Q: 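Below are the structure tokens for one structure; questions will follow.
First listed ligand is number 1; within each ligand, the first listed atom is number 1. This structure is a prediction, so every number in the text was calculated from the model and none was measured. Scope of the values below: all heavy atoms of this structure, side chains included, with no hydrogens, waters or symmetry mates.
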Amino acid sequence: MKTKYAIVFICIVALVIIEKESNILSRFSDKLIQRQAPQQTPQPPLDYSNITQNGSLMMLKMLLSKLIGTVGYNSSLSEEQEEEELDDLGTYSFSGGRKHILLLATTRTGSSFVGELFNQHGEDMFYLFEPLWHVERMLTTASESNNGTVLSGIYRDVLQGLFLCDFSLLEKYIAPPPKDHVTPALFRRESSLSLCEESVCSPVVKYVFERFHCKTRRCGPLNLTLATDSCLSKQHHAVKTVRVRQLDTLQPLVEDRRLDVRIIQLVRDPRAILASRMVAFSSKYQTWKTWAQDGQVPEDDEEVKRLKANCDQIRMSAEVGLSQPRWLRRRYMLVRYEDIARYPMQKAEEMYRFTGIPFSPQAREWILRNTQTMQEASGIYSTQKNSSEQAEKWRFSIPFTLAQVVQRVCGPTMELFGYRFVDDEKTLMNKSISLLEEKLFL
Ligand SMILES: *[C@@H]1O[C@H](CO)[C@@H](O)[C@H](O)[C@H]1NC(C)=O
Ligand SMILES: *[C@@H]1O[C@H](CO)[C@@H](O)[C@H](O)[C@H]1NC(C)=O
Ligand SMILES: *[C@@H]1O[C@H](CO)[C@@H](O)[C@H](O)[C@H]1NC(C)=O
Ligand SMILES: *[C@@H]1O[C@H](CO)[C@@H](O)[C@H](O)[C@H]1NC(C)=O
Ligand SMILES: *[C@@H]1O[C@H](CO)[C@@H](O)[C@H](O)[C@H]1NC(C)=O
Ligand SMILES: *[C@@H]1O[C@H](CO)[C@@H](O)[C@H](O)[C@H]1NC(C)=O
Ligand SMILES: *[C@@H]1O[C@H](CO)[C@@H](O)[C@H](O)[C@H]1NC(C)=O
């Protein structure tokens, strides 16, 4: 009897050793795969899921746990270790080293600038600027499907397709519908360097109505098949959107094992956003202007309610992200516009570090060119105010009454992000008083 137990025990020890080693090996090879990936010619995402998860390792583990159960041997796989392993599995996705950056923002938060940081990364980046514009336009004009729940599900599915270089779902929302997967109507195509590369640029046919969509070269309508090929050939994918309202609706996207999603949520002082929108979307914000003149704001007005709802959604998304649920661990980063304006290079470095994509010399150069005080504009040198100065301009354009309204309805959001309240107009307009708390979001 004793020898029987001894044999069983030896078997277990052997299995434990094998298990540990193969675990280390598989982690090591995962890392290797991630490291080597950039040098390889990019391939469609590799699916390792049924090798690592479902192969012999799983079998060994099951066998082990059964043996352990029967013998009552307990210490080799504590619950803690199990957790750790699950975490590791979560960290290594099976995207073949590809990163999928989702830049979440609202309008007037500097998201075009931050999107450009990734657009300018270089040859191995495929960047799309607001592809969900098409979805929103089609679905919010068709009244019957104007349902937030449905809409956010469609946004998520379209994003998933795009991250996998599949444009077919997006195509359904492009109006007029593409013919043979060719469209002249892709929203802001020229904002995507990769959609203006020579390989994606189909020849211009000399029709009177022909429109040209690229700054760098004359391109005909966009052939989405070529766009797909370009996308598949790029190592990393990035999408900027101001249309996703709730972070938690993206959970299935983040959990897709074919993707390695990193979400950057960009926020800004809600008072500054309102001030900026009043200038940029002047006619839409006429009511606010009238209120500013009257000095009276009816707090139960739809406009005020909408402002509050927007602030609450941004805050709730940030709360989800900052609470680091398992599905988002190491995949979420909160960035304040004001910090980017103050320290553009440092913040860009941080964002790149977070995404796991090397910060390229091209991106660095682009930042230098676009944040320095002197900038060449259309042949003549013009002094451009530095970016942190620009970021504070709103303090002189927003009437104090409106700042107060924002503080009242967006208070919790401002507190979470570290935006200081002001009690009087003097403080609002006194530049030597900072409205920004130093705050780290980790
Ligand atoms: C693994 O997945 C691939 C495709 O996803 C499939 O062809 C293959 O049969 C699978 N292997 C096992 C062992 O399930
Ligand atoms: C292993 O793969 C098979 C078929 O591919 C699937 O039915 C089964 O659920 C998988 N098991 C685990 C533990 O993932
Ligand atoms: C087995 O591990 C569990 C949880 O770690 C513990 O509660 C239990 O007492 C252990 N049993 C033995 C026999 O060590
Ligand atoms: C939206 O539509 C879904 C499914 O059709 C439904 O379950 C949900 O209650 C709707 N939500 C609203 C707010 O109408
Ligand atoms: C779009 O590009 C694909 C791939 O090169 C090509 O086969 C197809 O004919 C093009 N479509 C049109 C309408 O030119
Ligand atoms: C930008 O402007 C701010 C505020 O006026 C000033 O403190 C800062 O030194 C300026 N930075 C540069 C690079 O000019
Ligand atoms: C602005 O604030 C600073 C610091 O509180 C104060 O010393 C200064 O007098 C203020 N300037 C004006 C014009 O109120």
Side-chain angles (χ1 to χ4, degrees), residues 41-45 123-124 126-128 131 134 158 161-214 216-235 237 269 271-272 275 338 341-342 385-386 388-404 406-407 414-415 418-439:
T41 47
Q43 283 163 0
E123 282 191 338
D124 57 356
F126 188 84
Y127 171 74
L128 290 174
H134 294 284
V158 172
L162 293 174
F163 275 151
L164 293 167
C165 302
D166 179 353
F167 284 78
S168 56
L169 193 52
L170 179 67
E171 268 192 59
K172 295 198 170 92
Y173 298 98
I174 297 176
K179 283 190 193 131
D180 297 329
H181 310 291
V182 172
T183 176
L186 189 85
F187 181 63
R188 294 283 297 267
R189 169 195 182 170
E190 74 280 3
S191 296
S192 166
L193 285 178
S194 33
L195 291 183
C196 285
E197 279 175 357
E198 197 161 6
S199 64
V200 186
C201 182
S202 38
V204 178
V205 188
K206 298 271 175 206
Y207 291 126
V208 182
F209 303 113
E210 190 69 277
R211 282 158 52 194
F212 307 106
H213 295 275
C214 285
T216 43
R217 51 173 62 89
R218 301 181 116 208
C219 296
L222 179 65
N223 181 335
L224 290 165
T225 312
L226 296 177
T228 303
D229 292 345
S230 164
C231 177
L232 286 171
S233 76
K234 309 278 180 184
Q235 180 67 13
H237 302 157
D269 189 325
R271 293 166 299 192
E338 291 81 2
R342 291 189 301 166
K385 287 202 184 104
N386 78 38
S388 54
E389 216 166 289
Q390 287 286 96
E392 295 256 67
K393 249 175 56 183
W394 66 271
R395 295 175 64 171
F396 302 91
S397 78
I398 193 171
F400 177 64
T401 342
L402 298 192
Q404 272 181 310
V406 179
Q407 291 179 169
M414 289 176 55
E415 256 166 48
Y419 297 123
R420 291 203 180 101
F421 293 66
V422 294
D423 295 327
D424 50 62
E425 188 162 15
K426 255 192 192 154
T427 315
L428 176 65
M429 297 179 59
N430 185 341
K431 263 189 169 175
S432 51
I433 298 171
S434 169
L435 300 187
L436 199 63
E437 281 166 30
E438 296 303 325
K439 208 162 175 173

Q: Does Asp166 use its side chain to pair, donor to acceptor, with the backbone of Ser168 at less than 3.5 Å?
A: yes

Q: Mark up the atoms of ligand 5 that fall under 4.0 Å of a heavy atom belonging to Leu226, in ascending order.
A: 2 (O), 4 (C), 5 (O)

Q: Considering only protein heavy atoms, determine whether one is less than 4.0 Å from atom 13 (C) of ligand 7.
A: no

Q: Salt bridge or not for Glu338 and Lys439, using N-O below 4.0 Å?
A: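 Answer for the salt bridge query: no.
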
Q: Any ion pair linking Asp269 and Arg271 (charged N to carboxylate O, less than 4.0 Å)?
A: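 Between Asp269 and Arg271 there is a salt bridge, with a charged N closer than 4.0 Å to a carboxylate O.
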
Q: In terms of atom number and element, which parts of ligand 5 are under 4.0 angstrom from non-hydrogen atoms of Asn223?
A: 1 (C), 2 (O), 3 (C), 8 (C), 10 (C), 11 (N), 12 (C), 14 (O)

Q: From atom 7 (O) of ligand 5, is the closest protein heavy-atom distance below 4.0 Å?
A: no

Q: Look at atom 10 (C) of ligand 7 and say which protein heavy atom is nearest, naming residue and atom and giving the distance to 0.1 Å.
A: Asn430 ND2, 2.4 Å

Q: In terms of atom number and element, which parts of ligand 7 are under 4.0 angstrom from non-hydrogen atoms of Ser432?
A: 1 (C), 2 (O), 3 (C)

Q: Is a donor on one side and an acceptor on the other found under 3.5 Å between the side chain of Thr183 and the backbone of Leu222?
A: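 A pair under 3.5 Å: no.
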
Q: Have Asn430 and Thr427 got a donor and an acceptor in their side chains that come within less than 3.5 Å?
A: no

Q: Using a 3.5 Å distance criterion without hydrogens, assess whether the side chain of His237 forms a donor-acceptor pair with backbone atoms of Leu162.
A: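 Between the backbone of Leu162 and the side chain of His237 there is no qualifying donor-acceptor contact (under 3.5 Å).
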
Q: Please say whether Asp180 places an N or O atom under 3.5 Å from an N or O atom belonging to ligand 5.
A: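 So ligand 5 has no N or O lying under 3.5 Å from an N or O of Asp180.
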
